[in-house]
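Shown next, in structure tokens, is the structure this report addresses.
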There are 2 protein chains.
Amino acid sequence: MNKQTKKLTLDDIGALAGVSRATVSRVINDYPHITPEVRERVQKVIVETGYKPNKIAQSLASNRSGIIGLVIPHAVQTILTNPYFLHLINGITQTTNACGLNLSLFLFHSMNEEVQMARSLFYTNLIDGLIITADRKENPFVKQVIQHDIPFVFVGRPQIKVPISYVNVANVMGAYLAAEHLINLGRRRLAIIMCDHNTAGDDRYKGFRQALDDYHIEIDPQRIVRGDFSLESGYVAMQQLFPTVPDAVFAASDMMALGAQRAIRQAGLIIPDDIALVGFDDLPQSALAEPPLTTIRQPIEDLGIEAVNLLNEMLCQKIGLPRQIILPVELVLRAS
Amino acid sequence: MNKQTKKLTLDDIGALAGVSRATVSRVINDYPHITPEVRERVQKVIVETGYKPNKIAQSLASNRSGIIGLVIPHAVQTILTNPYFLHLINGITQTTNACGLNLSLFLFHSMNEEVQMARSLFYTNLIDGLIITADRKENPFVKQVIQHDIPFVFVGRPQIKVPISYVNVANVMGAYLAAEHLINLGRRRLAIIMCDHNTAGDDRYKGFRQALDDYHIEIDPQRIVRGDFSLESGYVAMQQLFPTVPDAVFAASDMMALGAQRAIRQAGLIIPDDIALVGFDDLPQSALAEPPLTTIRQPIEDLGIEAVNLLNEMLCQKIGLPRQIILPVELVLRAS
DNA sequence: TGGTTAATTGAGAGCGCTTTCAAAATATTG
DNA sequence: CAATATTTTGAAAGCGCTCTCAATTAACCA
């Protein structure tokens, strides 16, 4: 409130309120056993002086920094054009702000940096817990983190056998919905642009196949092609698909769907008349595409929210066993 | 290296190396006057034990946390689909990683949150310095931060009279280049989709006008319309422009240019034959647009890099007076 | 070789907070 | 009302590090 000439300390506040430093600490931390009259007096001084406790000192004494780290491994480069992270960060910060946590960002630009910085993450006591984006299947960071006793939550399902905590979206179900939608449209020459770099890609492929099985539809192996979630890869993948004359394509990501869309348009074909197209993600640009892209919406911000909440519970010891949270997805019908 | 059963402290290392805690601290912090033999012995122990100093304790003792904050005021919501921030963050983390700083993210979701959290930013000793994105002209955070003695650097030019440190791109020059390009193309019925919500918009408008003046070209006031940097606003703005029959449009942001592009296409006009279009930003999607968008490229990552470097210098007291860094932009010729 | 000066090291006092432990104050009971 | 149980408070010991200051040791010169 008032401009402070000098940094105030607990002792200063105590002196002003006529109590000991310990008592001030207690009212700040909402301890139960304090005379209401004393509590009030101390609080008055705190407000009047505009005192704010030194977080670093609090951290040292309590062995808890209140800082959690968001780790984005070095695959970022490929992902830099993807608003996914902005939404995730948005959800995360919303929640950290609400529960008084601080968010520190760990973005690695090389394998080397990843290894280097990991050590300082685990050992320096700066960070209470970690939210880690499970981008690739082969993520060395995954192995590192589970060997230490720092609490962590993955966003996305990592590729490991041991049970750990993560939040994820219903990828299998989403892909199932996509395929089912195409089938219900009467299409029978289904194709998929998949991606096997990450578990999300695997799960989406699985859901797609499941739907085909359930509806007793065969898929020509030629109609299964691969991309890497990028627009360019979707474009290229679609080229490979043309000779197989598909009448419906499911792309495991919106970016790939957008790439495919471009290839289809350039081939002089009409969406959805000649080829129906379904993506996965529901990025903002998908709604703006021409024609607007039918896709599977995943609640990215909720992913962030749930991740922080889960981690926070772990930090407060409220939770013992690893827990998995799967968020629902939905089919967004548009013109493709 | 080895799995630590218990957290090691400076004293432990000292005991193992047969020196005092102070000496260990000195070798960790690269102090000059230490016998090579002692330094080596201590370093050996550090490596063998895998000791990492407790950053919180270091911070408390040195009154320096090594954490800098990136503040993104609450206008973000409108900007969340904009990869600008991803690039900025990329540049920033690249540099913080390199110079051993930690990056903490402060993303506000409401005016209220902004005010609330500002206090804890300034007073809790957690953060050494701030990088602030100057999004809007009326940013209350700006006033708050300059009233405190926390070091800060703005990204983008804030709207205030007092001299402060910031990094920015040559907006005026960029817009000048854009207009000049259109003029050199032989166009004379120039129009602009501007934005007066932020200083970047102001500066770009200024550069545009400057070019018109220099080339003695009149502009019909009807051909000056406003948007808010979003695709939708560019689309709407372009509609307003059609009656004035422009043969060239400069949009103050790529997103608006993309919106305008859509409007032009839907009006059945050809880019660039009927209307030439130039944007500003060089977003990834601009290169992928159809036709690919001619635009002004701004080095967003460099903005982040320079911001961190500047702030770091301020933190190390290497710098006294506020400094401004203006990064160059370039015209990217594409098909529009 | 004794006397100076400079380089190297250790002791110890904090940094501002939390938290235990015991003392003081208050409430409860027979 | 004395004796006991219960709250409320303060003293003080850390948390793990930095950094000053003084002591020790090595280096230098006449």
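Given the structure is predicted, the values throughout are model-derived calculations rather than measurements. The sequence lines fix the lettering, A, B, ..., with proteins before strands; numbering per chain opens at 1.
Note on Glu40(B) versus Lys44(B): no salt bridge recorded, every NZ/NE/NH1/NH2 to OD/OE distance being 4.0 Å or above.
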Report, one line per pair, each donor and acceptor closer than 3.5 Å where one atom sits in a side chain of residues 8-28 of chain A; sequence neighbours left out.
from: Thr9(A); atom 1: OG1; to: Asp11(A); atom 2: N; distance (Å): 3.2
from: Thr9(A); atom 1: OG1; to: Asp12(A); atom 2: N; distance (Å): 3.4
from: Thr9(A); atom 1: OG1; to: Asp12(A); atom 2: OD2; distance (Å): 3.4
from: Asp11(A); atom 1: OD1; to: Arg21(A); atom 2: NH1; distance (Å): 3.1
from: Asp11(A); atom 1: OD2; to: Arg21(A); atom 2: NH1; distance (Å): 2.8
from: Asp12(A); atom 1: OD2; to: Thr9(A); atom 2: N; distance (Å): 2.8
from: Ser20(A); atom 1: OG; to: Ala22(A); atom 2: N; distance (Å): 3.3
from: Ser20(A); atom 1: OG; to: Thr23(A); atom 2: N; distance (Å): 3.3
from: Ser20(A); atom 1: OG; to: Thr23(A); atom 2: OG1; distance (Å): 3.4
from: Ser25(A); atom 1: OG; to: Asn29(A); atom 2: ND2; distance (Å): 3.4

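Atoms CE and CG, on Met117(B) and Asn97(A) in that order, are 4.5 Å from each other to the nearest 0.5 Å.
Distances from the side chain of Ala57(A) to the nucleotides dC17(C), dT18(D), dG10(D) place dC17(C) closest. Side chain of Tyr51(A), nearest nucleotide from dA11(D), dG16(C), dC17(C): dC17(C). The nucleotide whose nearest atom lies closest to any side-chain atom of Ala22(A) is, among dT18(C), dA13(C), dG10(D), dG10(D). Looking at the side chain of Asn54(A), the nearest of the listed nucleotides dG16(C), dT8(D), dC17(D) is dG16(C). Each of dG16(D), dA11(D), dG10(C) was ranked by its minimum atom distance to the side chain of Val19(B); first place goes to dG10(C). Distance from the side chain of Thr23(B) is smallest for dT9(C) among the nucleotides dT18(C), dG12(C), dT9(C).
Ring planes of Tyr123(B) and His148(B): perpendicular class, angle over 60° (limits at 30 and 60°).
Comparing the axis of the opening five pairs of the helix from dT1(C)-dA30(D) to dG30(C)-dC1(D) with that of the closing five pairs yields an angle of 40°, rounded to 10°.
Arg41(A) contributes no side-chain N or O that forms a donor-acceptor pair with the base of dT9(D) under 3.5 Å.
Between the side chain of Thr199(A) and the main chain of Gln159(A), no donor-acceptor pair closer than 3.5 Å is present.
Close to dT9(D), at under 4.0 Å from its OP1 or OP2, lies a side-chain N or O of Thr35(A).
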